[in-house]
Amino acid sequence: MTDVTERARDLLGRLLHGHGVVARITEVEAYGGIEDPASHAFTRTPRSEIMYGPPWRLYVYRIHGHHAANVVTGPTEQAAAVLIRAGEIVEGHELAYERRGAVAEHALARGPGNLTKALGITSADLGTELLDPVPVFLGERVETPRIVAGPRVGVRLNADVPWRFWVEDDPTVSAYRRHPKAGAAQPSR
DNA sequence: GTTTAGATCAACT
DNA sequence: GTTGATCTAAACG
């Protein structure tokens, strides 16, 4: 299969523009779509249909009153997507602080909810073409970072697959939190 | 059956 | 104090 995890690694170190703020992506999670129970695309519905569509479009979903941003990566038959979990603000600090309030600089876009808030991403941006220079889009790679992998944060299902990728030793990366109801950790094999 | 808005609470800062 | 691919309930088709 086309490896979703490769696409996830590929996004690390790239720029993400969001409504006047630019972030360097430092943490992502891969969602294997049709073959991943933790993915919204695991069951095909009108909502998840966007993940079965062309790649490089934005999928936004609500969680805990916040939003989370995903990049649809394709291929279309697999419905895979990559969740953008954290980034470092490299441009538009003023606007980011305005949206986030007084927080430490490294915390401006740490965590999916904070990142979407700092970049001003909401459900209104659902389906945005991320390759066009519209309010939300992907920029070029600014570095080739050293990448570390581990299990995904806060997922109940499939909690042991190492599909979370982040830039090593980056302060904007959030800590690992296992979901309370996820089964006991299984030894990697 | 599916989607969305709010709530909840353990883990993190 | 803050956060979140969870959880439940109500609205929708």
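Throughout, a chain's letter reflects where its sequence line sits, starting with A, and its residues are numbered from 1. Atom set for the values below is all heavy atoms of this structure, side chains included, hydrogens, waters and symmetry mates excluded.
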Query raised in the report: The side chain of A:R47 lies closest to which of these nucleotides: B:dT4, B:dT2, C:dA5?
Result: B:dT4
Report task. Flag the pair A:D170 and A:R146 as a salt bridge only when some basic side-chain nitrogen lies within less than 4.0 angstrom of an acidic carboxylate oxygen. Result -> no
Report task. Answer with base, sugar-phosphate or nothing: what part of the nucleic acid does A:N114 contact at a heavy-atom distance below 4.0 Å? Result -> sugar-phosphate
**Report entry** Separation of B:dT4 P from A:Y59 OH (nearest whole Å)
**Finding:** 8 Å
Query raised in the report: What interatomic distance, in whole Å, is found between P of C:dA9 and the corresponding atom of B:dC9?
Result: 14 Å
Report task. Can you sort out which residues in residues 172-181 of chain A have a heavy atom within less than 4.0 Å of DNA chain C? Ascending by number, please. Result -> A:R177, A:H179, A:K181
Report task. Decide whether A:L131 and A:L119 are clustered together by the hydrophobic rule: side chain heavy atoms of Ile, Leu, Val, Met, Phe, Trp, Tyr closer than 4.5 Å, transitively. Result -> yes
Query - Parallel, tilted or perpendicular: ring planes of A:Y61 versus A:H40, cut at 30 and 60 degrees - result: perpendicular
Requested in this report: For A:H67 and B:dT4, give me the distance from atom NE2 to atom P, rounded to whole Å.
Outcome: 11 Å
Query - Atom-to-atom span, CG of A:L83 to P of C:dT6 - whole angstrom - result: 11 Å
Report summary line: Here the distance between atom P of B:dT4 and atom NE2 of A:H40, to the nearest Å, is 11 Å
Requested in this report: Name the nucleic acid region contacted by A:R164, choosing base, sugar-phosphate or nothing; use a 4.0 angstrom heavy-atom cut-off, strictly under.
Outcome: nothing
Report summary line: Encoded 5' to 3' (Watson-Crick or G-U under 3.5 Å; [ ] crossing; | other strand), DNA chain C becomes ||||.|||||||.
Requested in this report: Quickly work out the A:I84 CD1 to C:dG4 P distance and round it to whole Å.
Outcome: 14 Å
Query raised in the report: Have A:D125 and A:H67 got a donor and an acceptor in their side chains that come within less than 3.5 Å?
Result: no
Query raised in the report: Is atom CD of A:E143 surrounded by more than 12 heavy atoms (other residues, nucleotides or ligands) closer than 6.0 Å?
Result: yes
Query raised in the report: Whole Å only: how far is the CZ atom of A:F42 from the C1' atom of B:dT2?
Result: 17 Å
Query raised in the report: A:R152 has an atom CZ; how far is it from atom C1' of C:dG4, in whole Å?
Result: 15 Å
Query raised in the report: Across the strands shown, which category fits A:R110 at heavy-atom distances under 4.0 angstrom: base, sugar-phosphate, nothing?
Result: sugar-phosphate
Write down the protein N/O and nucleotide N/O pairs, taken from nucleotides 6-9 of chain B, whose separation is under 3.5 Å; answer none if there are no such pairs.
{"residue": "B:dG6", "atom": "N7", "partner": "A:R62", "partner atom": "NH2", "Å": "3.4"}
{"residue": "B:dA7", "atom": "N6", "partner": "A:H64", "partner atom": "N", "Å": "3.2"}

Query - Rounded interatomic separation in angstrom, taking NE2 from A:H66 and P from C:dG4 - result: 6 Å
